[in-house]
Amino acid sequence: MSLPLFLVFAALLVVSALGVILQRSPVRSAMSLVSTLFLLAAVFVFLDAHLVALLQIIVYAGAIMVLFLFVIMLLNLQSEPRETGRVGFRLVAALAGSFLALEVIQLTRAKGTVAGLGMSGAVPEGFGLTETLGERLFTHYLLPFEITSVLLLVAVIGAVVLAKRHTS
Amino acid sequence: MHETVSANYLWLIPALPLLGVLINLTLGATLGQRAGRGLVSLVAPGMVIAAFGVSVTAFATLLGLPEGTALLDNVYPWISAGSLHLDVAFRVDALSAVMILVVTGVGSLIHIYSVGYMAHEPDLARYFTYLNLFTFSMLVLVLADNLPLLFVGWEGVGLCSYLLIGFWYDKDENASAGKKAFIVNRIGDAGFLLGLFLLFWNLGAGPHTLAFSEIAAHVKQIPLGTVTAIALLMFIGATGKSAQLPLYVWLPDAMAGPTPVSALIHAATMVTAGVYMIARLNFLYVLTPTALAVVAWVGALTALFAATIGLAQNDIKKVLAYSTISQLGYMFLAVGVGAFSAGVFHLMTHAFFKALLFLGAGSVIHGMSGEQDMQKMGGLRRHMPITFGTFFIANLAIAGIPGFAGFFSKDEILLRAFTSENGSPALWLIGAVGAGLTAFYMYRLLFLTFYGECRADKEVAHHIHESPNSMTIPLVVLAALSVVGGWIGMPAHWLWGNQFEHFLAPVFGHGETEHVSAALEYGLMGASVAIALLGIAIAYFFYIVQPGMPMLIAWRAGRLYDLVFNKYYVDELYDAVVVQPIQRTSTWLWRVWDATVIDGLVNGVAETVAANSSLWRRLQTGNVQHYALSFLIGAVVIIGYYVWR
Amino acid sequence: MVPVTYYLVLSALLFAIGAVGVLIRRNVIVIFMSIELMLNAVNLSFVAFARQWHSMDGQVIVFFVMTVAAAEAAVGLAIIISMFRGRETTNVDDLNLLRW
Amino acid sequence: MLSLIVFTPLLAGVFVLCMQREQLNAIRRAAFFLSLIPFGLSLGLLRGFNPTDGGMQFVESYAWIPQFNIRYQLGVDGLSLWLVLLTTFLTPLVVLAAWSDVHKRLKEYMFFMLALETGMLGAFVALDLFLFYVFWEVMLVPMYFLIGVWGGARRIYAAIKFVLFTMVGGLLMLVAILYLAMHAQAGQPSFDLLRLYDVNLPLEAQRWLFAAFALAFAIKVPMFPLHTWLPDAHVEAPTGGSVILAGILLKLGTYGFLRFAIPLFPVAAAEATPYIATLAVIGIVYGALVAMVQPDLKKLVAYSSVSHLGFVMLGLFALNPQGVMGGIYQMLNHGLSTGALFLLVGVLYERRHTRLIAEFGGLWKQLPKYAVCFLIVMLSSIGLPGLNGFVGEFLILMGAFKAQPWLAAVATSGVVLGAVYMLWMFQRVMFGPLVNPANAVLPDLSRIERAVLIPLLVMIVLMGVYPAPFLSRMEPAVTAYLARIEKKMAAVDTSSATFANGFPLPLGGGQGEGTMYAAARLGEPHPGPLPEREGDGGAALP
Amino acid sequence: MTATPMIAATPVAWLVLLPVLLLTGTALLVMVTDLWMEGPDRDGLGWLGIVGLAVTAVASVTLWNQGEIGFGGMMAVDRYALFFNLLFCLAAGLTLLMSMSYLELTDIRVGDYYTLILFATVGMMLMAAATDLIVIFLGLEVMSIAVYVLAGIWRRQLRSTEAALKYFLLGAFATGFLLFGIAMLYGATGSTTLNVIASHLAKATGEQRMLATIGMALLLIGFGFKVAAVPFHAWTPDVYEGAPTSITALMAVGVKAAAFAAFTRVFLHGLAGLSGDWSMVLWGLAVLTMTVGNVVAVLQQNIKRMLAYSSIAHAGYLLVGMIANGENGGSAVLFYLLGYALMNLGAFAVVMALGKRGEPNERLDDYAGVGFRHPFLGFAMSIFMLSLAGVPPLVGFAGKFYIFAAAVKAGYVGLAVIGVLNSVVSMYYYVGVLVKMYMTEGSADVPSPTTRPYLFATMLVTVIGVILLGVFPAKAFELARQAFLSLG
């Protein structure tokens with residue numbers, strides 16, 4: 001991935017991400033998030049993470065975000081009114097956020113930091129493909145994989161418990 | 001004075017009155033009123049008389065022993081800590097023999113007298129409990145073989161004094177007077193204790209018993225400065241106990257107690273403890289002329305000072321009280337000039353005549369239904385002949401009329417004040433003037449009380465009567481003693497000379513009499529007698545011949561009279577300089593320092609915690625985003641620390 | 001090649017944007033979406049580091065993160081619905097029963 | 001034996017707790033007779049005590065927490081023997097005093113009282129720092145309840161103040177204990193007191209550790225200016241609580257100095273002596289002055305405790321036999337006389353429900369027996385010769401005079417002031433006319449009240465007249481104690497330790513140059529070689 | 001690219017998995033059984049869960065001397081994990097026991113409640129046993145998601161839902177940080193397995209080390225949230241107050257212990273090489289946490305909220321143990337968690353016992369006079385409060401003793417001093433409960449604890465435990481020490 005291309009994607013990502021947090025309508029925020037996810041998927045492809053990019057679109061943008069939109073629609077949420085109050089609070093929040101980013105940026109450029117990590121050369125064969133990932137997943141990551149099954153089960157039970165109508 | 005003979009019965013002397021205390025305390029209160037009174041009236045004097053008996057035995061034993069030998073009764077080990085090994089041990093040598101005889105002898109008489117005097121007192125058991133306890137303490141004081149044990153008696157008599165002064169406690173003044181006595185005494189005692197410690201730690205290595213013989217053996221190693229300090233500190237104790245300047249103020253107030261108490265404690269025995277103590281420690285005092293001089297001058301000044309106050313008092317007992325202070329001053333003057341035996345001699349004669357005076361005054365008060373103001377007396381000699389007679393003898397004795405007891409002892413003191421190497425003409429002069437004043441105020445008292453017209457209310461006057469036998473007999477005995485008591489200590493050139501001094505010589509061994517010329521001796525004697533007679537004459541003139549004169553003089557003298565009449569405002573001065581500031585400081589310490597500063601600090605810490613608690617609590621707004629912000633800021637700070645450190 | 005640090009910076013930017021979103025938005029669902037954004041930012045890092053190390057682990061982890069995100073979404077949205085049922089609101093400012 | 005003495009009260013307390021709430025008399029009787037058991041046992045202890053042995057006796061030692069070499073280790077010596085007896089002696093009396101005093105929640109009261117006894121006894125005989133700390137803190141709880149539940153109007157404030165004050169010191173001491181135990185010897189931690197006695201610490205460490213220990217104990221004593229919890233606690237506590245608090249609990253502070261702070265860190269203690277002695281003297285005078293103006297009887301007695309314990313501290317820091325023995329003796333005296341004073345005040349409070357001095361006056365007429373008891377106790381309190389107080393004060397002042405003559409001189413004024421406030425109080429309560437009609441109907445001492453007071457009076461007189469048996473059992477231990485201190489001080493590089501010898505004796509004493517401890521030992525007969533460490537019952541560490 | 005027909009089967013380390021597997025099985029069994037049950041009474045499920053937990057505990061005990069690591073170094077069945085397994089079984093078991101009484105007071109009548117508690121416990125065990133950051137992360141999520149739901153399970157109560165939502169939002173937020181930290185460590189070392197990270201850190205380049213440090217910082221923040229360290233603590237009081245009391249107990253005890261299990265394993269083992277970097281920051285966090293927790297607790301009027309702040313403060317003490325970093329410090333943390341579990345569970349049992357249907361009685365004022373009216377309740381609560389305050393000879397003291405001993409030994413005397421001063425502050429509010437119970441009159445009419453046998457049993461067990469472990473801590477010390485040393 002060439003630098004200009006990266007910068008273009010990066011810019012688009014940032015704009016799109018800002019859209020998530022600046023749009024007043026929840027639906028638009030959600031749509032911005034979907035676009036961010038798509039852009040990220042593209043970046044993943046450039047990073048040789050083909051399967052992950054695919055999953056990003058299918059699972060994330062496809063399933064999870066639909067769920068979000070569904071709930072937004074279900075609850076019939078309106079746009080937030082224009083923020084007038086708590087300027088100070090938002091300013092501090094933005095400042096804190098900027099500092100967080102700044103710190104990581106600082107980390108990559110100052111002396112004695114991680115600036116010199118660079119990027120390694122060509123990837124081995126099969127890197128990022130379904131087969132390779134699958135093999136890794138079902139051998140080395142067998143345990144976490146099994147845990148995710150429990151995790152999802154818990155989530156299902158939880159969602160049901162919380163969302164089902166009151167019976168009594 | 002180093003040989004001792006064991007006499008394991010000496011403990012009986014103090015133990016008998018103590019037994020009396022226990023009986024009075026337990027049975028006296030629990031038996032019925034009548035039985036209890038009867039028992040107490042028997043037991044209390046009985047025990048003291050028994051103690052007198054034992055004392056006489058001890059005295060006789062002592063006389064039979066070679067000169068300088070003392071009786072010793074080591075009862076049991078008392079306090080032992082480190083190098084300190086104190087025993088409860090009693091010692092009878094010449095000095096304490098005199099003392100125990102005086103204490104038990106005069107004590108017996110006063111106990112007997114009390115049976116009559118206190119006949120109408122409902123709380124008789126308590127009275128005799130105290131009185132017996134006092135006798136016990138006084139005997140411990142004079143019998144003690146070591147200094148701390150002496151201190152036990154020393155404080156014990158103070159306690160009894162406190163209790164007896166406040167015996168009629170339902171009057172606040174009485175209670176206050178008792179308290180004052182105790183506290184002023186305590187001030188002196190503090191000095192005594194310090195002196196004791198200083199002495200102990202300077203005795204050198206090795207276990208110490210603080211027995212007098214041991215102190216005497218070691219005292220010469222102590223540097224002079226330290227000895228002086230010890231002596232002066234001890235003397236502070238003596239000024240408290242024996243009512244000397246500047247700690248005399250309690251004694252006049254102490255007259256609030258029953259009159260026999262005044263006689264026993266505040267005239268005959270307790271107040272002389274200071275003199276006894278210095279006499280006991282004579283080996284220490286003689287080493288330090290500075291301390292001796294202080295003792296002598298304080299004594300002399302007190303003698304004069306108290307005498308002047310005595311001139312203008314109207315309360316019969318107050319006059320006697322100031323007289324006592326004054327007479328005690330003479331004793332200190334004596335020991336201060338190194339005339340220990342003279343001091344003790346005066347102690348003894350004073351015990352006789354002053355006890356007599358007090359008991360006589362008590363008899364008067366008894367007869368006057370409790371009246372003490374001389375302005376309201378007069379003409380009593382007709383109603384109370386025995387009292388008057390004995391009182392008159394006592395007056396002669398205290399005024400120093402030759403032949404009576406007081407003459408011999410006072411004369412000896414004045415002589416030595418003049419001639420001793422520690423003495424000076426100035427001391428003599430002060431003493432002599434004091435003697436004149438004494439004669440004046442004592443005769444003023446006599447004339448006001450017994451002569452002239454009765455100035456009492458009709459009601460009171462009607463009831464004036466002579467006292468019962470239990471009271472008059474002791475008066476007579478004491479009157480006899482006030483005459484003959486002095487004869488054992490004749491001036492050197494008279495008859496058998498000073499047997500008393502000779503008897504005490506083993507104790508005061510070093511103080512061999514300097515020989516003075518007979519001319520000087522007679523000259524001084526004559527001068528002092530003349531001064532005394534002059535005093536009597538003036539009194540006669542003022543109160544018999546020209547009864548209006550005193551008023552006139554008092555009016556003329558104005559300020560001066562006020563000053564004397566109000567006792568130089570010393571009580572007021574002490575109140576303003578000592579008592580009030582302490583009270584104010586205390587209140588300040590409590591209200592401001594304790595409550596505001598310290599607790600303020602403590603509560604301040606608590607409040608700071610609470611304030612912080614409140615503050616942090618407010619930060620817990622319930623708003624998730626505030627929580628998230630604090631989270632984020634925390635994160636930023638931590639990461640920032642690692643990035644930029 | 002774009003150095004891995006660039007990805008890291010990008011990731012941090014997205015992460016920070018997400019974090020700020022959590023702080024400033026009032027609608028809990030949007031807040032939740034901002035959190036999803038943060039998770040995605042982390043995913044970017046994982047993928048970039050996987051590329052850097054030539055190791056599939058990073059990508060596998062992304063797989064797990066997605067699963068977790070899905071589970072959280074299910075439960076989170078259920079909680080939001082539950083809350084909406086009780087209060088008819090999704091505004092965080094109304095979460096004020098519990099404080100101090 | 002010791003374990004039995006320590007834990008019998010707790011068991012008795014549990015037993016009482018299990019009784020029927022309504023059977024008040026049965027509870028009282030049970031509590032009283034059960035509380036006599038430890039007293040009886042401790043009399044046995046006294047009989048079996050070897051008075052010539054200055055070391056630990058009746059030592060019990062078992063491994064407890066081996067990870068830290070913490071041992072369950074108990075023992076008594078001459079320093080603690082009498083305090084144990086004081087505790088077992090006072091508790092039955094307090095239980096007895098509760099007969100008429102406590103009506104509500106009686107069995108809980110008895111339980112806490114007995115549990116408190118266990119805590120105090122344990123603290124007196126513990127020979128392991130951890131164990132000591134456990135007992136030290138455990139005591140707080142029952143005392144806290146006693147004040148808080150059965151106390152007066154501001155009882156909660158007082159109870160919490162008491163607990164927090166004590167805890168601040170206690171916990172800082174815990175850190176110091178940990179530091180000492182962890183660093184005293186390389187490798188293995190050790191909480192064994194007897195072992196730690198022999199450890200020579202660097203001066204700097206000693207200073208810090210001493211400060212922490214001293215703070216804890218000074219609060220408990222309490223020393224000026226850390227005393228303000230005491231008046232509050234006393235005023236609010238029920239009578240029994242006050243008696244125990246003043247009689248025994250405070251002694252733990254002074255005992256702590258004696259057993260821990262001074263012998264563990266003697267050089268630091270010696271350095272601190274002028275300051276501590278000064279504070280002690282300030283406490284003496286201050287307590288007396290403030291006591292003087294108190295309108296409330298209990299508060300007056302409380303401040304008098306500040307004054308008296310100032311004497312104890314002064315004695316202990318004299319670091320010579322007279323001072324130390326006087327200090328210990330004074331602890332016992334104070335336990336008896338102040339305990340008795342609180343009981344007496346309690347008698348009045350129970351009858352009149354007030355403790356304001358102004359409410360009384362002329363009581364002697366109405367309550368002669370009470371008055372006599374009060375008088376004797378008061379005289380003991382002001383140190384009248386012939387009663388116990390004198391022996392202690394005398395020895396303390398004598399010892400202190402050696403070490404710090406000027407301070408001792410100031411302290412002696414406390415003797416005067418002590419008389420002032422006590423007598424003034426006595427006068428206002430007992431003397432004067434009986435004006436308040438409410439006082440004219442008061443009954444005199446009941447049988448039980450007499451049964452409570454008479455043992456105290458007997459002890460007051462006995463200890464005043466015949467102190468020798470008490471002192472003689474202390475002396476070997478005190479001698480050993482001072483010798484150990486001296487040895488330890490000599491072990492530390494003396495050039496680095498600037499000994500504060502107080503103020504030099506200005507009057508050119510014939511002896512007494514040199515360091516205070518050395519001087520204190522001058523001419524003292526050595527009772528043979530120091531007690532060996534064999535006597536501690538196989539305390540050897542694994 | 002030649003396709004491999006089959007992936008080589010990975011050997012499954014059954015022993016390593018055994019406790020987790022047993023408990024997961026129990027959870028599933030409970031879940032399924034619930035479907036067959038009729039009527040509102042679900043106590044049977046609770047008993048089933050308890051049996052399952054007991055079995056798991058027994059299994060854990062038998063594995064004590066095995067010590068095995070499996071799944072490519074991702075999970076271990078070392079003593080450390082087993083110690084925590086026992087702790088979790090205890091906490092969860094007692095929670096289930098209490099719940100059987102507590103649920104009657106509420107309208108939470110769903111069998112899934114028990115299932116979720118068991119799954120949460122599975123998550124905890126995974127966290128304690130995990131030796132790989134991803135497994136820790138997943139375990140954390142299993143636990144957290146279950147607890148999010150449990151916190152909000154009392155749907156009638158708006159407070160419960162609010163607590164759940166707050167917990168969820170902040171929890172997810174914190175998860176982001178944790179994950180970012182894992183990413184950075186992965187970036188720095190190329191692995192998420194602790195052993196690998198540890199060995200790689202030893203030879204890491206400066207850049208990698210820096211990256212790892214930041215990753216460590218982010219992990220610190222993430223764990224800091226879970227253990228409720230200031231300033232990541234703010235959720236605690238609200239969630240503890242709002243959640244059903246039984247769940248609060250589980251959170252205070254189980255969740256916190258699990259978080260510390262992972263926290264300690266990661267920092268004292270995996271990131272031990274960075275200890276110089278983290279100890280300073282942790283020092284500050286510990287001081288802040290102790291102080292803020294204790295100071296704010298002073299003015300609280302709601303007992304659950306007060307206990308929440310107290311739990312924050314206790315997190316601070318535990319951090320001290322971590323800072324002491326060593327055999328003593330680590331063991332102290334383990335022991336302290338055990339003691340803390342006992343006393344806190346007991347305290348919450350008392351809180352529940354004071355509640356009635358529709359009347360939670362959670363205000364301090366509701367405690368007025370309870371002590372004498374219900375002697376056992378009062379006694380138990382006194383023991384718990386005093387133990388929490390660190391009064392000997394209770395387990396709270398033994399724990400503090402251990403922790404501060406470790407701190408002093410490691411040279412952190414200042415920290416110990418701050419810690420004990422904090423204890424003094426804490427004494428104030430713990431004792432405040434006693435003041436209410438014994439020293440003020442009140443009228444709150446509370447059923448006798450004996451009518452709620454499960455709560456009574458819980459209190460009895462915990463009281464005995466608190467006293468026994470306080471008086472004779474040696475065995476438990478040894479256990480904790482062995483457990484910690486198994487970290488290698």
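Values reported hereafter were calculated over all heavy atoms of this structure, with side chains retained and with hydrogens, waters and symmetry mates removed. Chain identifiers are assigned alphabetically (A, B, ...) following the order of the sequence lines, protein sequences preceding nucleic acid strands; residue numbering begins at 1 within each chain. Quantities reported herein were computed from a predicted structural model and do not represent experimental measurements.
Contacts between I35(C) and chain E at a heavy-atom distance below 4.5 Å involve the side chain alone, from C-beta outward. Contacts between M83(C) and chain E at a heavy-atom distance below 4.5 Å involve backbone atoms as well as side-chain atoms. For F15(C), the part sitting under 4.5 Å from any heavy atom of chain E is the side chain, from C-beta outward, and nothing else. Heavy atoms closer than 4.5 Å to chain C are found in the side chain of Q300(E), but not in its backbone. In this structure, the portions of L165(E) lying under 4.5 Å from any heavy atom of chain C include both its backbone and its side chain. Contact of T192(E) with chain C is made through the side chain alone, with heavy-atom distances under 4.5 Å. For chain E, no part of A69(C) is nearby; none of its heavy atoms comes within less than 4.5 Å. Using a 4.5 Å cut-off between heavy atoms, Y186(E) contacts chain C through both its backbone and its side chain. Contacts of E141(E) with chain C are made by side-chain atoms alone, with heavy-atom separations under 4.5 Å and no backbone atom involved. With a 4.5 angstrom heavy-atom cutoff, A50(C) touches chain E via backbone and side-chain atoms both. Only the side chain of V92(C) comes within contact range of chain E, with at least one heavy atom under 4.5 Å from a heavy atom of that chain.
In this structure, E241(E) pairs ionically with R305(E), as a charged nitrogen and a carboxylate oxygen lie closer than 4.0 Å.
For the pair L14(C) and N40(C), the minimum side-chain heavy-atom distance is 4.5 Å or more. In this structure, N91(C) and N27(C) have side chains that are not in contact, with every pair of non-hydrogen atoms separated by 4.5 Å or more. Here the side chains of L219(E) and L133(E) are in contact, with some heavy-atom distance below 4.5 Å.
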Full working for ring pair (Phe, Tyr, Trp, His ring centres under 6.0 Å) between F177(E) and F225(E): CA-CA 10 Å; F177(E) 284 83; F225(E) 174 85; 9.7 Å; no
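If you look at F49(C) and Y7(C), their ring centroids are not closer than 6.0 Å.
Proximity of a side-chain donor or acceptor of Q208(E) to a complementary backbone N or O of T189(E) within less than 3.5 Å is not detected.
Interface check for chain E: of the options G18(C), A74(C), G76(C), the most heavy-atom pairs under 4.5 Å are formed by G76(C). Here A188(E) is the residue among S160(E), A234(E), A188(E) with the most heavy-atom pairs under 4.5 Å with chain C. Heavy-atom pairs under 4.5 Å with chain C peak, among L179(E), T161(E), L138(E), at L179(E). Listed options V28(C), D57(C), D94(C) were ranked by heavy-atom pairs under 4.5 angstrom with chain E; first place goes to D57(C). Looking only at heavy-atom pairs under 4.5 Å with chain C, the residue among I182(E), V239(E), V149(E) that has the most is I182(E).
Considering every non-hydrogen atom in both V147(E) and A120(E), the closest pair reads CG2-CB, 4.1 Å.
Taking the six-membered ring for Trp and thresholds of 30 and 60 degrees, F348(E) and Y240(E) have ring planes more than 60 degrees apart, a perpendicular arrangement.
Note: T5(C) OG1 to E207(E) CD = 10.0 Å, rounded to the nearest 0.5 Å.
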